[in-house]
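Working notes for the structure below.
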Amino acid sequence: MSSWDQLLKGKVAIVTGASRGIGRADALALAEAGADVVITDILIESDEESGKIAQKYGPLSQVMQSTKVVYAEKTAKEIQEMGRRSFAIKMDVTDREQVKEVFARVKEEFGSIDILVNNAGTLDHVSQIENQRDDFWERDLNVNLTGAYNCTKAVWPYMKEQGWGRIINMSSVAGTLGGFGQASYSATKGGLLSFTKSMALEGARHGINVNAIVPGIIATEAFKMTNPKMNERMINRTAFRRPGEPEDIANAIVFLCSDKAKYITGIGLNVSGGIELFTF
Ligand SMILES: NC(=O)c1ccc[n+]([C@@H]2O[C@H](COP(=O)([O-])OP(=O)(O)OC[C@H]3O[C@@H](n4cnc5c(N)ncnc54)[C@H](O)[C@@H]3O)[C@@H](O)[C@H]2O)c1
């Protein structure tokens, strides 16, 4: 029987939006399980254009960039120290050509792409429909939904050719339950669940399993910067009465990417502490 740290030995993974939070935890856990991991994000420590890019992507990116909560190269180094191959590279999931170039480079340098985690996302505003900024609506669709489409389309030929692949899409309970003041965010996260099912159907004949994770409230740097009163209300409706850790998501991803989950495809796995359960 294989042990946990050998589950993904020899596999090559790409994680999007991995410079902090859940994406970073996913990358580290995949590496601990034996995979080589490529860290991709719009923000990379040594990139001189980071300030400009952060400005384009909104307030949360700006705060993270200016306070140096950007750990893409650091994460790649930590993975190398585990004895795995890794590098960090700037990749905007909305830029189709850039995505294709990065994937081609990974295939060329690492020999395959076996796992894709579509984690990049924007969760930085809450506003009711009258105040929903149109540019944020467009941005959320582009990053959260079209970004996952761009990366899935780019990786598909590689996975199809090798007859094995695992794609994980990062949804949210906002996608299954809706979210007050989250018109754009919840629409993209709901869309990702339907996208997951359609890709699972297409992937089954090629050995490509496609699943989604449905996180509840997870204590990432981004979560900690959100309005504390709102966070308290969300925690109070979670069965466990506490937020999850990024590692809770990462562990579920390692399982879904392993052959232990080979008969699982097209699901949205709640890793939510029971936030969707009826409570009173
Ligand atoms: N934290 C939670 O409570 C929670 C709950 C449900 C779902 N999620 C989802 O999990 C994922 C990660 O959440 P997090 O809390 O770590 O958020 P986060 O904001 O810390 O991380 C998102 C990452 O995506 C990157 N990113 C943004 N736009 C990008 C683009 N165009 N191309 C590439 N990278 C881009 C950001 O730079 C950042 O590193 C998101 O998809 C989010 O919607 C989080």
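Every number for a ligand or one of its atoms is a count from 1 in the order of the listing.
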Any heavy atom of [X] sitting closer than 4.0 Å to ligand 1?
{"X": "Asn119", "result": "yes"}
{"X": "Ser19", "result": "yes"}
{"X": "Ser171", "result": "yes"}
{"X": "Arg20", "result": "yes"}
{"X": "Gly216", "result": "yes"}

Under a 4.0 Å heavy-atom limit, does [X] contact ligand 1 with its side chain, its backbone, both, or neither?
{"X": "Met91", "result": "backbone"}
{"X": "Pro243", "result": "neither"}
{"X": "Leu123", "result": "side chain"}
{"X": "Ile217", "result": "backbone"}
{"X": "Val143", "result": "side chain"}
{"X": "Ile249", "result": "neither"}

NZ/NE/NH1/NH2 to OD/OE distance under 4.0 Å, [X] and [Y]:
{"X": "Lys77", "Y": "Glu81", "value": "yes"}
{"X": "Arg166", "Y": "Asp259", "value": "yes"}
{"X": "Lys100", "Y": "Asp95", "value": "no"}

Quick one: which ligand 1 atoms are inside 4.0 Å of a heavy atom on [X]?
{"X": "Gly21", "result": "16 (O)"}
{"X": "Leu60", "result": "19 (O)"}
{"X": "Tyr57", "result": "31 (N)"}
{"X": "Tyr185", "result": "6 (C), 7 (C), 8 (N), 9 (C), 42 (C), 43 (O)"}
{"X": "Asp92", "result": "30 (C), 31 (N), 32 (N)"}
{"X": "Asp41", "result": "25 (C), 36 (C), 37 (O), 38 (C), 39 (O)"}

Heavy-atom pair with the smallest gap, counting every atom of [X] and [Y]:
{"X": "Asn211", "Y": "Ile264", "answer": "ND2-O, 3.1 Å"}
{"X": "Leu60", "Y": "Met225", "answer": "CD1-SD, 4.2 Å"}
{"X": "Gly21", "Y": "Glu221", "answer": "N-OE1, 3.1 Å"}
{"X": "Val106", "Y": "Val12", "answer": "CG1-CG1, 3.9 Å"}

Does the plane of the ring in Tyr149 sit parallel, tilted or perpendicular to the ring in Phe195? Use 30° and 60° as the thresholds. perpendicular
Can you find an N or O of [X] that's nearer than 3.5 Å to an N or O of ligand 1?
{"X": "Ser61", "result": "no"}
{"X": "Val93", "result": "yes"}
{"X": "Glu221", "result": "no"}

Can you tell me which residue and heavy atom of the protein come closest to atom 16 (O) of ligand 1, and the distance to 0.1 Å? Ile22 N, 2.9 Å
I need the nearest protein heavy-atom contact for atom 23 (C) of ligand 1: residue, atom name and distance, please. Gly17 O, 3.5 Å
Between Trp164 and Lys11, is there a cation-pi geometry (under 6.0 Å to ring centre, at most 45° from the normal)? yes
Ring center gap for Phe110 and Phe87 short of 6.0 angstrom: yes
For Met170, which of Leu192, Asn144, Asn118, Asp26 qualifies under side chain to side chain contact (heavy atoms under 4.5 Å, CB included)?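 Output: one option passes, namely Asp26.
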Do Thr16 and Asp41 touch side chain to side chain, with heavy atoms closer than 4.5 Å? no
Using a distance-only test with no angle check, is there a side-chain donor-acceptor pair under 3.5 angstrom linking Asp140 and Ser184? yes
Atom 9 (C) of ligand 1: which of Met64, Arg139, Met170 has the nearest heavy atom? Met170
